[in-house]
Amino acid sequence: MNEPKRYLVTSALPYANGPLHIGHLAGAYLSADIFVRYLRLMGKDVVYIGGSDEHGAAITIRAKKEGITPREIIDKYHTLFEDTFRRIGISYDKYHRTSEPIHHETSQEFFRKLYDKGEFVEQTTEQYFDESAKQFLADRYIIGTCPKCNHTEAYGDQCENCGSTLSPTDLIEPRSTLSGNKPVLKTTTHWYLPLDKYEAWLREWVETGVVDGEKQHEPNAWKNHVLGQCKSWLDGGLQPRAMTRDLSWGVDVPQEIPGAEGKKLYVWMDAPIGYISSTKQWAADNGKDWKPYWQDKDTALVHFIGKDNIVFHCLIFPAILKAAGDYILPVNVPANQFMNLEGRKISTSKNWAVWVHEYVQEFEGREDELRYNMIKNMPENRDSEFTWKGYQETNNNELVNNLGNFINRVLVLTNKYYGGVVPAIDQRQRINSSLAPEESASYKEELRVLYEGLRNVSVNIKKYEFRAALTALMEISSKGNQLLQFNEPWKRQKTEPEDVKVVMNLGVQIVAALSVACRPFLPFTSDKLRTMLNLPAIEEQGELQAILEKLEQNEAIVPEGHQIGKGAYLFERIKDDVIDAQIAKLEAANAANAGVEYEAVKDTIQFDDFSKLDLRTGKIIAAEKMKKAKKLLKLTVDLGFEERTVVSGIAEFFKPEDIIGQEIVLVANLAPRKLRGVESQGMILMAENEKGELGFVSPPKDWVTGFTVR
RNA sequence: GGCGCGGUAGCUCAGUUGGUUAGAGCGCAGGAUUCAUAAUCCUGAGGUCGGGGGUUCGGGUCCCCCCCACGCUACCA
């Protein structure tokens, strides 16, 4: 594969239904931003694309709940996203939105093209339908009792209480959120993309990089967990996926297609095509042609996403692109894993998160400090963790003590000794090497060390190893500190001023190199440094490439005689009270949210309804774990007059040997049901707490078995 | 239960195709130093590389079994 002519880089489109937290940032936005800023600094042709994902049922439901329009919600979050990204320095070339007409047209064109080519399979299935509202109900429009945790407000696709993934037909007592009525099952027809038909080429493409006999990517360059998850799906066999849904808020299925009425494009045919429509808008705004970026084989397409999006970007979207024809496939999908927060999973609903828009407000001027910590702890290959204490430590120990201090030392000394003018030097002078205290080095040899340091940053960014690249950046600064330490200008200025000139000139060169090399990671710091050095602001147009070329030729970056400005602190120490306040804030928000949520009391029943239940006291006399099931125990219950076999989903909370002799209450007249091949004759009553933990409901100790409970 | 990514120093993590005494940063202990935001630099202590077996002249690295964490998935009357 040749060096690409141009790059098209995307970050996952955030869903316009809630603010951005640090997990989003560490997952898909900072990584992309580092990559594109680097490419620009190397003089590459690169376009960085993103936008808000603004369709879907979750938004309409929320709008209904809050009594506002979906448009108001998406406008609110789209504006917030744009502002947040700008303030934390995510340098999109185009941040677009899927509600724009150009996006509707683009995704409809895609659909039309696939339809005309006969790629779709039409399938008729039964879906819930609200007769009073006269419409099919999206998963999110159906609420019912979760079959797993009995939460009464579970959605048709997911229970937000226990987190399990559901299908609408799983819900007990489903009801429509539109009318509150019980929905009926009715047939509906949708267009499916037959992924099963594409399985063979998708597998070859993922595993070898070859499509249609042409090598398009190097699988070794893909991350393990990305390849692993793709293979896992491929091995499991791909199923046709619906590309349309019965939704009210989204992109219409092109109306000339028979049966299109009331149908919208599903997220697969909507959100990722947002990358393309966003590119079109960028091209229109800048007098460019969007097509080479999506259709020319010499373009490298890179998707930055979180691990929850791997299958989507590595299998489904490529399938759509190839089915449409004329489109290139991604050369890499460097998905990150997840970032935890203070030992727990980040959770929007539980309000366990650091919100980026709050951070940029509360820590204005400290954007790079967050970026630095996020990159240092980026979940590149496994889940990682953000802690406020860690944030404080990286800030104080690395940004202040290492980087900021080195730069300050150079600026202070240069101003003190030479009035801020970069000293002219005699290149024949030898100084102490920055590499080892006992060795000597020439000016040019030290420029070479700097060159190698920059190369090291560069190589790691190319490999999508941003943590390593950041470490390499900090090594440049560390070597700078060593150079000063081994040469001790403050001592030798009086005795060996010519040596000191060489050292300080080098110091300025290193700081100047850092002002360019730090930019992908710390763009705000880069700007400040350029001002301090009195050097032109960075436009991200080949500046890194330019200094690499100079250094490779052993040429200085900053000429002798250049006047630098005064130093100022780039980073400031963060005190304990700031950190303590943030931790307290986190705990408080979480506690406020965790206020025990009581389930709503169900509809009133009559005594007759109750008396239909036959509850009996009993005792567990045998228990064993069910094979091939994580949650199930097979229990034998003594009812006095008979023994029952009961399969119960309590294995996560109780070991079989611990519950022999446990007295229980059994629903004795529940219709038997087979679970994993074993007939369960009844149900044991369990109490559940707010954490979802289970406890037995039992009669007093040594109660007689087999008697009724009422 | 199935599949997948991981399990390396007190903490956060590097360790390429198997090859000499397993590394970095932070923290800790000593020392040097003062240009610098009590910053910097040097030295040191600290690891049966999750456990067990195997292949090999040689295994953190390859193979098998097991344990733990996370994710996806099935099961939850």
Side-chain angles (χ1 to χ4, degrees), chain A residues 146-150 162 164-165 170 172 220 223-236 307-308 310-311 335 337-338 340 345 376-385 387 389-390 393-394 396-402 404-417 436-438 463 465 467-468 470-471 474-475 478 480-491 493 500 504 507 567-574 625-633 646-652 667 670-678 680-686 694:
Chain A
C146 173
K148 312 196 175 187
C149 71
N150 291 320
C162 65
S164 46
T165 308
D170 294 339
I172 303 161
N220 289 336
K223 297 188 185 192
N224 280 346
H225 66 270
V226 173
L227 288 173
Q229 190 160 343
C230 290
K231 285 180 191 167
S232 173
W233 271 70
L234 288 164
D235 291 345
K307 70 172 162 185
D308 50 333
I310 290 174
V311 172
Q337 306 237 20
F338 289 153
N340 294 318
K345 257 196 266 188
K376 185 185 163 71
N377 293 309
M378 192 173 268
E380 286 179 333
N381 293 307
R382 57 173 129 166
D383 290 357
S384 69
E385 174 144 340
T387 62
K389 197 79 194 145
E393 281 171 8
T394 52
N396 294 354
N397 296 331
E398 302 181 32
L399 290 176
V400 176
N401 294 354
N402 180 354
N405 184 231
F406 166 66
I407 290 164
N408 188 241
R409 296 171 89 180
V410 171
L411 294 182
V412 165
L413 289 173
T414 305
N415 275 296
K416 191 166 170 181
Y417 299 154
E438 309 300 327
K463 290 194 291 187
E465 292 181 6
R467 299 169 67 130
L470 187 71
T471 304
M474 295 306 281
E475 272 173 16
S478 288
N481 272 320
Q482 285 166 322
L483 181 73
L484 294 181
Q485 209 64 33
F486 297 159
N487 285 288
E488 300 182 309
W490 48 93
K491 264 189 188 169
Q493 169 65 358
V500 171
M504 294 317 302
Y569 290 161
L570 280 171
F571 306 103
E572 292 199 30
R573 205 160 286 284
I574 292 174
K625 212 168 172 312
M626 291 274 287
K627 291 225 165 82
K628 297 187 177 186
K630 191 157 60 181
K631 300 185 181 177
L632 301 181
L633 290 186
V646 175
V647 178
S648 187
I650 59 174
E652 289 183 307
V667 183
L670 188 67
R673 166 147 169 186
K674 269 201 170 183
L675 288 169
R676 291 265 142 194
V678 176
S680 179
Q681 306 156 326
M683 174 176 162
I684 290 172
L685 294 190
M686 303 297 293
L694 299 179

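So you know, we letter chains A, B, ... as the sequences are listed, proteins then strands, and number each from 1. In what follows, every heavy atom counts, from backbone to side chain, and hydrogens, waters and symmetry copies are set aside. The structure displayed is predicted, hence computed values, not measured ones.
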Using the P atom as the point on both nucleotides, what is the distance between B:G4 and B:C63, in whole Å?
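It works out to 12 Å between them.
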Rounded distance in Å between the P positions of B:G54 and B:G58
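Taking atom P in both B:G54 and B:G58, they lie 12 Å apart.
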May I ask you to say what [X] touches in the nucleic acid, namely base, sugar-phosphate or nothing, with a heavy-atom cut-off under 4.0 Å?
X      : value
A:V412 : sugar-phosphate
A:F571 : base
A:K416 : sugar-phosphate
A:K223 : nothing
A:G682 : sugar-phosphate
A:L570 : base
A:N381 : sugar-phosphate
A:N224 : sugar-phosphate
A:E385 : nothing
A:Q337 : sugar-phosphate

Would you please confirm or rule out a distance under 4.0 Å between OP1 or OP2 of [N] and any side-chain N or O of [X]?
X      : N     : result
A:Q485 : B:A32 : no
A:K307 : B:C72 : no
A:R382 : B:A14 : yes
A:R409 : B:U37 : no
A:N396 : B:A38 : no

Where each residue is assigned the nucleotide of RNA chain B containing its nearest heavy atom, which of A:N408 and A:N481 is assigned the position nearer the 5′ end?
A:N408
Taking for each residue the nucleotide of RNA chain B bearing the nearest heavy atom, is the 5' side occupied by A:E465 or by A:Y417?
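On the 5' side of the pair lies A:E465.
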Going through the checks in order, is the side chain to side chain contact (heavy atoms under 4.5 Å, CB included) test met by A:V646 and A:M683?
CA-CA 7 Å; A:V646 175; A:M683 174 176 162; 5.8 Å; no
Any donor-acceptor pair under 3.5 Å linking the side-chain atoms of A:R409 with those of A:N481?
yes
Regarding A:N340 and A:S384, do their side chains bring together a donor and an acceptor under 3.5 Å, going by distance alone?
no
Check against side chain to side chain contact (heavy atoms under 4.5 Å, CB included), A:K345 and A:F338:
CA-CA 8 Å; A:K345 257 196 266 188; A:F338 289 153; 5.8 Å; no
Nearest whole angstrom, please: distance from the [atom2] of [N] to the [atom1] of [X].
X      : N     : atom1 : atom2 : result
A:L234 : B:G2  : CG    : C1'   : 17 Å
A:H225 : B:C72 : NE2   : P     : 14 Å
A:L632 : B:C76 : CG    : P     : 7 Å

With a 3.5 angstrom cut-off on both distances, give the Watson-Crick or G-U wobble partner of B:G4, or none if there isn't one.
B:C70
Starting from the C-alpha separation in whole Å, work towards a yes-or-no answer on side chain to side chain contact (heavy atoms under 4.5 Å, CB included) for A:V500 and A:E488.
CA-CA 8 Å; A:V500 171; A:E488 300 182 309; over 6 Å; no
Given B:C35, B:C72, B:U12, the nucleotide with the shortest approach to the side chain of A:N377:
B:U12
Assess whether a salt bridge exists between A:E398 and A:K376, defined as any Lys/Arg side-chain N lying under 4.0 Å from an Asp/Glu carboxylate O.
yes
